Amino acid sequence: MQIAIDGPASAGKSTVAKLVAKRLNYIYCDTGAMYRAVTYAALKQGIALDNDKVLAEMLNSFELKFVPADPEQLVIVNGEDVTKKIRLPEVTNQVSLVSAQPSVRKEMTHRQQDIAAAGAIVMDGRDIGTTVLPQAEVKIFLVASVHERAVRRYKENVSKGIETSMATLEDEIKTRDYKDSHREISPLTQASDAILLDTTSLNITEVVEKILEFIEEYEKN
Ligand code: CDP
Ligand code: CDP
């Protein structure tokens with residue numbers, strides 16, 4: 001069984017996808033981390049982030065591994081632990097440019113489909129239900145208001161000792177959503193057979209329980 005969870009920035013996708021995977025004992029794949037890892041590597045190598053040809057060359061020797069660990073799985077790129085680095089603002093604010101490049105999308109889509117071929121999976125991202133796993137049995141499109149998503153990011157930043165104003169966070173979220181929804185290849189969009197779940201007033205547990213209910217309903221029918 002494949003569960004696809006898509007939606008805009010900071011809707012809670014990775015948090016709930018991870019918990020759903022744990023409850024079901026499924027593999028979890030964070031595809032956003034993959035685009036972030038490519039962006040990090042390109043920045044490190046000084047590659048222009050919109051240079052599709054050079055990015056394609058870089059991807060020829062781009063080794064990306066998810067290593068199980070507690071409390072979160074590690075993201076390893078060419079032997080380097082980039083788990084924390086790929087969440088830095090420098091990456092977050094430029095990832096949409098890299099993820100819009102054709103060769104990057106093609107390569108990441110292949111790798112994600114290979115990961116999914118290994119067994120039952122929960123995968124989250126922007127184009128999982130539409131492009132990566134169009135045959136997924138259960139597709140969820142998670143949304144929440146921009147304000148609520150900025151509040152969630154704000155609290156997360158505070159817990160990490162990062163100071164960012166609410167206005168900046170709202171602007172960043174809106175800008176990234178716009179770029180991700182308006183790119184040419186596999187833009188962020190709700191699959192026609194996805195269930196829309198508005199989480200603005202739901203906590204993490206409530207969202208997880210709702211998704212598990214949708215899965216149970218699918219299994220009954
Ligand atoms: O967690 P957050 O919402 O900040 O984003 P993410 O899921 O880590 O994704 C980071 C970026 O990767 C997104 O803004 C997209 O540009 C890109 N992405 C994508 O294009 N396709 C996916 N399936 C997943 C992420
Ligand atoms: O993966 P995505 O960018 O969609 O979101 P995330 O990184 O999973 O969640 C962003 C933040 O919202 C995290 O700090 C979560 O703990 C929090 N969250 C929440 O407060 N309520 C929810 N219903 C879902 C997530």
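Start at 1 and go down the list; that is how both ligands and their atoms are numbered. The shown structure was predicted, so the numbers you read here are calculated from the model rather than taken from an experiment. Throughout, residue positions are numbered sequentially from 1 according to the sequence presented.
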N/O separation below 3.5 Å, Leu202 to ligand 2: yes
Residues in contact with ligand 1, criterion: heavy atom under 4.0 Å: Ala9, Ser10, Lys13, Thr31, Gly32, Tyr35, Arg36, Arg87, Val95, Ser96, Ser99, Arg105, Gly125, Arg126, Asp127, Ile128, Arg153, Arg176, Asp180, Arg183
Side chain, backbone, both or neither: Asn203 near ligand 2, heavy atoms under 4.0 Å: backbone
Region of Val207 that comes within reach of ligand 2 [heavy atoms, distance under 4.0 Å]: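 The part of Val207 near ligand 2 is the side chain, not the backbone.
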When you check the gap from the basic side-chain N to the acidic O, do [X] and [Y] get nearer than 4.0 Å?
X	Y	answer
Lys210	Glu206	no
Arg111	Glu107	yes
Glu148	Arg152	yes

Proximal atoms of ligand 2 relative to Glu156 (non-hydrogen, under 4.0 Å):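 Close to Glu156: 10 (C), 11 (C), 13 (C), 14 (O).
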Side-chain touch Asp127/Leu188, heavy atoms, less than 4.5 angstrom: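 No, every pair of side-chain atoms sits at 4.5 Å or beyond.
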Of Arg126, Arg149, Arg183, the residue whose pairing with Asp177 passes salt bridge (charged side-chain N to carboxylate O under 4.0 Å, His left out): Arg149
Hydrogens and angles aside, do [X] and [Y] bring a side-chain donor and acceptor to less than 3.5 Å of each other?
X	Y	answer
Asp52	Ser103	yes
Arg153	Ser10	yes
Tyr40	Glu80	yes

